[in-house]
Structure formats: structure tokens, C-alpha cells
A.B. asks: 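Sharing a structure, written as C-alpha cells. Questions coming.
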Amino acid sequence: QVQLVDSGGGLVQAGGSLRLSCAASGRTFSTYFMGWFRQAPEKEREFVAAISWTGARKYYADSVKGRFTISRDNAKNTVYLQMNSLKPEDTAVYYCAADQGSGSNYATPEEYDYWGQGTQVTVSS
């Protein structure tokens, strides 16, 4: 089992940047496929980015491609989401998630086994 703690959210102006972090407990972090999702008010949770166990493979939603970068540091049990050129439509609660399986359905929330508590990102226009 793994526990995830999200942090790094905040209020930023459009065009600004934020870096989210997700710290995981346990010694098996490197065996989890990791993802970031977000949920805006009255909307479903949507996929943002995912990263494979070693970081060799990365996947992004079309809406964030070229602006967001996912990375991980297995020595620190942490996954990051660097968000640049933020837009008001990026406003949401952001969640990291861990998948102890193959990661084959990385864009589907049901694929993931563990979730962080979420961190609020608000982008003002």
C-alpha cells in the first residue's frame, strides 16, 4: 500500500507557472505507474499526465501537451507536475494517483489504486 500527499497548488495569473509535487510513502514507489488528474467544479475527473516506472514513458492530455511536464524521482519517492503557460481553464483540483498494475489504461481514473488528497490550482485571467 502507498499513501500519497499532493502539494504545490495555489493562485497564479494566466501565463504563470506552478510545480506540483506528490510525495509517496513506502519503499515500493518505483513499482507504481503514476498519473496526474484534475477535476473542475461540476466536471468529471480528467486525465492530465502519466509516467512509467522509470520515467522512460510519459503521456499527456492534448490540452496540456507542450505546457506541462511530468517527472519522477524514485530516490525521493516523488512525482512532479511542472505547469507552464497556465490558462484559466487549467483551474481545478489536481490529484496524483498510483497504479500498481501495468498502466495500460493510464488515462482512466479507474486504472489507479491510490489517490492523493488533491491540491487546488487557480489561474486568474
Side-chain angles (χ1 to χ4, degrees):
Q1 190 169 355
V2 64
Q3 291 185 324
L4 305 174
V5 179
D6 305 323
S7 64
L11 173 64
V12 64
Q13 289 188 331
S17 298
L18 283 173
R19 187 175 83 154
L20 306 184
S21 298
C22 172
S25 64
R27 293 178 289 179
T28 60
F29 176 72
S30 62
T31 67
Y32 289 93
F33 201 99
M34 299 298 296
W36 285 98
F37 288 76
R38 66 187 181 186
Q39 189 165 18
E42 300 182 0
K43 291 190 176 181
E44 293 187 353
R45 191 165 297 192
E46 67 171 358
F47 169 73
V48 176
I51 188 166
S52 62
W53 308 272
T54 63
R57 289 179 287 143
K58 301 178 182 181
Y59 307 91
Y60 297 96
D62 288 343
S63 59
V64 306
K65 202 171 293 184
R67 300 188 297 122
F68 290 11
T69 302
I70 190 171
S71 62
R72 67 189 297 163
D73 185 338
N74 286 342
K76 295 183 178 180
N77 283 9
T78 302
V79 62
Y80 304 98
L81 185 68
Q82 177 67 43
M83 306 186 295
N84 298 328
S85 302
L86 283 161
K87 305 175 181 180
E89 51 263 44
D90 294 318
T91 295
V93 177
Y94 283 70
Y95 300 88
C96 72
D99 172 17
Q100 59 187 3
S102 67
S104 58
N105 296 312
Y106 58 82
T108 304
E110 291 76 16
E111 174 79 4
Y112 293 82
D113 303 288
Y114 305 102
W115 291 84
Q117 83 286 359
T119 184
Q120 176 71 47
V121 171
T122 303
V123 184
S124 63
S125 58

A.B. asks: Enumerate the ring-ring contact (aromatic ring centres under 6.0 Å, His included) contacts for residues 40-75, please, sequence neighbours excluded, ordered by first and then second residue.
C.D. replies: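 For residues 40-75: Phe33-Trp53, Phe37-Phe47, Phe47-Tyr106, Tyr59-Tyr106.
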A.B. asks: Quick one: pull up OG1 in Thr69 and CZ in Arg19 and give me the separation to the nearest 0.5 Å.
C.D. replies: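 That separation rounds to 11.5 Å.
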A.B. asks: Within the side chain of Arg67, is there an N or O that forms a donor-acceptor pair under 3.5 Å with the backbone of Ser85?
C.D. replies: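 Answer holds: yes.
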A.B. asks: Please report the closest heavy-atom contact between Met83 and Leu20, naming both atoms and the distance.
C.D. replies: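 Smallest heavy-atom distance, with atoms named: CE-CG, 3.8 Å.
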A.B. asks: For residues 5-15, please give each side-chain donor-acceptor pair under 3.5 Å, one per line with the distance, not counting sequence neighbours.
C.D. replies:
| unit_1 | atom_1 | unit_2 | atom_2 | d |
| --- | --- | --- | --- | --- |
| Asp6 | OD1 | Cys96 | N | 3.4 |
| Asp6 | OD2 | Gln117 | N | 3.4 |
| Asp6 | OD2 | Gly118 | N | 2.8 |

A.B. asks: Ignoring hydrogens and geometry, is there a side-chain-to-backbone donor-acceptor pair from Arg57 to Ala50 under 3.5 Å?
C.D. replies: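 No, the answer is negative, given that no donor and acceptor are paired below the 3.5 Å cut-off.
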A.B. asks: Filter on salt bridge (Lys or Arg N to Asp or Glu O under 4.0 Å), then keep only pairs touching residues 32-50, sequence neighbours left out; what's left?
C.D. replies: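 Every salt bridge (Lys or Arg N to Asp or Glu O under 4.0 Å) pair that includes a residue of residues 32-50, provided the two are not neighbours, is Arg38-Glu46, Arg38-Asp90.
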A.B. asks: Is a donor on one side and an acceptor on the other found under 3.5 Å between the side chain of Thr91 and the backbone of Val123?
C.D. replies: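 Side chain of Thr91 to backbone of Val123: a pair is present.
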A.B. asks: State, to 0.1 Å, how close Tyr114 and Val2 come at their nearest heavy-atom pair, and which atoms those are.
C.D. replies: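 Result for this residue pair: CD1-CG1, 3.3 Å.
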A.B. asks: How far apart are the closest heavy atoms of Val64 and Val48, and which atoms are they?
C.D. replies: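 Nearest heavy atoms, Val64 then Val48: CG2-O, 3.5 Å.
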A.B. asks: Could you tell me if the side chain of Val79 sits less than 4.5 Å from the side chain of Phe29, heavy atoms only?
C.D. replies: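 Contact flag for Phe29/Val79 side chains = yes.
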A.B. asks: Short question: side chain of Ser104, backbone of Ser102 - any donor-acceptor pair under 3.5 Å?
C.D. replies: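 It does not hold such a pair.
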